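Comments concern the structure below.
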Amino acid sequence: MKLKFVFVLLGSFLSLYGSGQTLGIDTIHIESVDIVAPRLQHFSATEKTVQIDSILIQRYDGKDLSNLLQKTSLVNVSSNGAFGGLATVGMRGASGTHTSVNWNGIPVNSLTTGSADLSLINAGSFDEVQVIYGAVGSLYGSGTLGGAIELSNSPDWKKKSTLGIMSEVGSFSNTKTKLYGKYSNNWISYSGQAFFQYGKNDFSYTDFHDFGSPTERLNNNENRAFGTIQDMHLKINEHYIDLGVWYQVKEKNIAGLMGIGDPVSFQKQRDSSFKAYVGWKKLIGKFRLEVKSAYLSDYLKYTDRGSATNTGYKIFSEIESKRWLNDANLRYYLTDKLSVDVNGKYNWLKGITNNYQGDIIENESRLTLATKYSPSIGTFIFTYGKEWNSEVNPPEMYSFSSLFHLAPHVLNFRAKGSTHYRRPTFNERYWNNAGNLDLKSENGWNYELGLVMLPQKTLGGSLSVDLNAYKALNDDLIAWQPESGTIWKPMNIGKTVIQGFDIEANHVKNIRKNSLHTSLKYAYNDSYNNDKESEEYKETLAYRPHHLVKFSSDYLCGRWDIGALGTLRSNTNTWEGDQVDGNLLIDLNGAYRFDTKFAKIKLTGRVENLLDESYEIVRFYPMPGRAYYFGVNVIF
């Protein structure tokens with residue numbers, strides 16, 4: 001009955017706005033940019049979407065994606081120590097399992113944990129990094145209560161070629177070298193890169209959890225990573241063909257924790273991943289057709305010798321997953337302002353580890369219906385999604401969102417209501433002695449209102465402001481919590497409420513031929529247990545800061561680029577009932593560009609954690625103090 005109601009509603013919507021329109025093919029003029037625009041981008045026009053400035057991406061080219069997002073976006077990064085340590089990102093009071101990370105539309109979140117380890121993703125590996133706050137679950141599927149992060153290397157159909165090499169060295173023996181190249185003309189667009197990173201990461205820190213808060217130095221904290229990303233796009237007789245390959249390996253020694261005595265550890269972890277996809281799309285009359293197929297393979301090996309004298313392993317764990325993802329999409333343009341979209345998916349999933357009772361194979365499929373109408377007063381989007389899984393029974397999902405032009409070119413208003421859903425991950429269900437096959441899936445409703453002031457001439461320049469308020473009601477939240485001693489298990493902790501607001505203001509001031517870019521961002525969030533029968537009723541959820549502040553200012557003066565960046569994070573609670581203190585971090589950046597007869601050269605310098613603050617993000621995992629980085633980027 002629900003599905004029938006959806007089709008009736010969708011048909012009524014189309015009839016209402018399609019009547020009186022001429023449906024001849026010759027009357028529909030669709031811009032070429034809309035032909036190649038991904039489905040998720042096409043239906044995110046009413047969402048709060050922030051694209052990271054290319055200057056900031058280049059500035060943190062030598063760091064991982066978590067570092068870039070922590071400094072530039074209103075997201076909450078959870079990091080197990082220094083560069084190379086496990087890092088996940090949550091948005092709007094949600095966790096890393098509620099954030100979908102996508103590479104050219106392909107979800108790369110771990111099949112086993114549900115979150116994406118951003119320490120495995122280099123910040124400078126992509127032309128575009130977009131943050132979509134509160135992404136619609138009926139479009140993205142399971143696990144997007146917080147939002148989504150889109151990574152892409154876009155095609156360029158102009159005739160040009162580029163070859164470059166980037167190298168950066170920094171404190172604690174950190175180095176990165178990247179060789180990259182691009183080539184394009186009116187039918188082919190290629191970009192490729194290969195990189196290598198190393199860091200000893202033997203920094204000193206103040207151990208607040210040891211008697212007298214002594215200064216200690218980390219050991220067994222080395223990190224190595226290498227990989228390559230290749231993207232190719234072809235345009236042949238109005239057929240668009242996309243191909244991509246991403247291979248990466250990371251080897252990480254895991255340092256000891258803070259606490260009584262010197263940090264001691266004999267743990268190591270090796271991650272490797274291979275991702276590949278091929279896609280095709282074409283506009284045929286009023287129809288846009290697209291199909292895509294991707295293969296993802298992830299491998300993790302974790303070992304712990306226990307002591308320096310142990311020749312064997314105290315712990316030896318291998319986890320492997322394989323995925324085959326398939327996607328078919330049909331979009332129909334009734335007019336240049338009204339489109340209807342049908343999307344079907346089929347995924348084959350396999351988990352392989354001795355931590356399960358045998359190999360696990362699941363099959364899942366998904367149907368999504370969506371319509372977008374963009375009259376002169378704004379944009380209106382309705383979506384419906386339904387998943388089928390061989391092991392769980394996902395609910396039907398809905399969303400309606402709108403963007404009104406209250407005052408053309410001055411003020412926009414956003415409103416959205418949608419359902420969300422997250423099924424338990426492989427580890428949450430199947431892990432030996434911890435997994436729970438009886439876990440319930442998370443589900444609930446979320447709402448959002450937003451007010452956007454488009455760029456206006458004021459304060460001697462151009463000012464834009466984006467203000468949003470949101471609330472999410474979630475049933476059966478899943479969280480790993482300590483059960484006894486060092487044993488952690490996934491549990492449904494009951495009903496939760498996530499609510500808050502965020503505001504971003506950006507100002508650009510031109511001073512003769514120079515410019516000053518200033519950004520101020522603030523987020524308030526209140527995430528708490530709302531289960532009246534729980535002992536934690538009304539208590540704030542673990543690792544959810546109430547306040548986040550991000551500030552940046554960049555002065556572009558001829559060949560110089562000088563900037564400052566600051567982040568403030570308030571205190572957070574832990575699942576054990578302790579507290580992690582907040583932190584204030586400040587970075588200074590500088591760059592100088594010049595040309596020679598053979599190449600364009602850019603020299604960069606950066607000071608991170610200028611105030612040399614000792615801090616933690618996750619309890620007992622120290623973060624590095626003041627660090628210096630120097631780099632050179634040569635483009636031939």
Side-chain angles (χ1 to χ4, degrees), residues 45-60 67-76 91-92 123 127-134 147 403-414 448-470 500-525 547-570 584-593 604-608 610-611:
T46 54
E47 307 293 324
K48 178 186 176 180
T49 302
V50 177
Q51 182 162 318
I52 307 299
D53 192 288
S54 59
I55 294 177
L56 295 175
I57 295 176
Q58 295 171 13
R59 179 174 296 164
Y60 291 95
N67 197 281
L68 173 68
L69 294 175
Q70 179 187 22
K71 297 175 184 296
T72 61
S73 306
L74 287 175
V75 301
N76 176 37
M91 302 162 62
R92 291 184 168 178
D127 297 330
E128 296 181 359
V129 178
Q130 288 187 326
V131 181
I132 303 172
Y133 294 87
L403 176 70
F404 291 92
H405 304 313
L406 293 182
H409 309 295
V410 179
L411 201 64
N412 287 341
F413 173 75
R414 280 194 296 257
E448 179 179 345
L449 297 175
L451 196 62
V452 183
M453 186 183 80
L454 302 175
Q456 302 297 313
K457 292 183 179 179
T458 184
L459 302 176
S462 176
L463 175 67
S464 61
V465 180
D466 194 322
L467 173 64
N468 297 270
Y470 59 87
F501 69 90
D502 52 63
I503 182 170
E504 301 191 19
N506 295 279
H507 186 263
V508 179
K509 180 179 178 64
N510 294 320
I511 308 171
R512 296 179 182 177
K513 296 183 178 181
N514 309 320
S515 62
L516 177 65
H517 298 234
T518 304
S519 173
L520 180 61
K521 306 176 183 182
Y522 170 73
Y524 171 79
N525 176 264
H547 307 280
L548 286 174
V549 180
K550 308 291 174 76
F551 167 82
S552 66
S553 182
D554 291 281
Y555 184 55
L556 308 179
C557 178
R559 299 179 181 272
W560 287 93
D561 172 5
I562 302 172
L565 187 150
T567 66
L568 174 67
R569 184 173 184 266
S570 64
L584 170 64
L585 306 176
I586 296 176
D587 293 359
L588 296 180
N589 308 273
Y592 178 73
R593 301 177 298 276
T604 61
R606 188 172 71 254
V607 183
E608 295 189 0
L610 178 67
L611 303 180

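The structure presented is a predicted model; accordingly, all values stated were derived computationally and were not measured. Here, residue 1 is the first one in the sequence, and each next residue gets the next number.
How far CH2 of W560 is from CG of N514: 13.5 Å, rounded to the nearest 0.5 Å. One finds the OG1 atom of T458 at 6.5 Å from the NE2 atom of H507 (value rounded to the nearest 0.5 Å). Distance check: L403 CG to N412 CG gives 4.5 Å after rounding to the nearest 0.5 Å. In this structure, the separation between CG on L568 and CZ on F551 is 13.0 Å, given to the nearest 0.5 Å. Taking CG from L74 and CG from L548, the interatomic distance works out to 6.5 Å, rounded to the nearest 0.5 Å. Interatomic distance, D561 CG to Y592 OH, rounded to the nearest 0.5 Å: 13.0 Å.
The pair K48-E504 meets the salt-bridge criterion, since a charged nitrogen lies less than 4.0 angstrom from a carboxylate oxygen. One finds a salt bridge joining R59 and D554 here, because a Lys/Arg side-chain nitrogen approaches an Asp/Glu carboxylate oxygen to under 4.0 Å.
With hydrogens and angles disregarded, a donor-acceptor distance shorter than 3.5 Å links the side chain of K521 to the backbone of T72. Listed for the Q456 side chain is a donor-acceptor partner under 3.5 Å among the backbone atoms of H409. With R606 contributing its side chain and A591 its backbone, the two residues share no donor-acceptor pair below 3.5 Å.
S515 and H517 form a side-chain donor-acceptor contact under 3.5 Å, judged by distance and modelled atom types alone.
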Carefully, step by step, assess D587 and Y60 under the rule side chain to side chain contact (heavy atoms under 4.5 Å, CB included).
-> CA-CA 11 Å; D587 293 359; Y60 291 95; 2.9 Å; yes
Evaluate the criterion side chain to side chain contact (heavy atoms under 4.5 Å, CB included) for residue pair Y470 and N525; output intermediate values, then yes/no.
-> CA-CA 9 Å; Y470 59 87; N525 176 264; 3.0 Å; yes
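With sequence neighbours excluded, no residue forms a ring pair (Phe, Tyr, Trp, His ring centres under 6.0 Å) with F413.
If you run side-chain contact (heavy atoms from CB on, under 4.5 Å) between V75 and each of Q70, R92, M91, only M91 comes through.
Nearest heavy atoms, L56 versus L68: O-CD1, 3.6 Å. Residues S73 and V131 come closest through the heavy atom pair OG-CG2, 3.9 Å. Nearest approach of S553 to L516, heavy atoms of both residues: OG-CD1, 3.6 Å.
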Considering only distance and modelled atom types, tabulate donor-acceptor pairs under 3.5 Å from the side chains of residues 459-468, sequence neighbours left out.
from, atom 1, to, atom 2, distance (Å)
D466, OD1, R414, NH2, 2.8
D466, OD1, N468, ND2, 2.6
D466, OD2, R414, NH2, 3.2
N468, OD1, R414, NH2, 2.7
N468, ND2, D502, OD1, 3.4

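Between Y524 and H547, the ring planes are tilted. Angles from 30° to 60° get that label.
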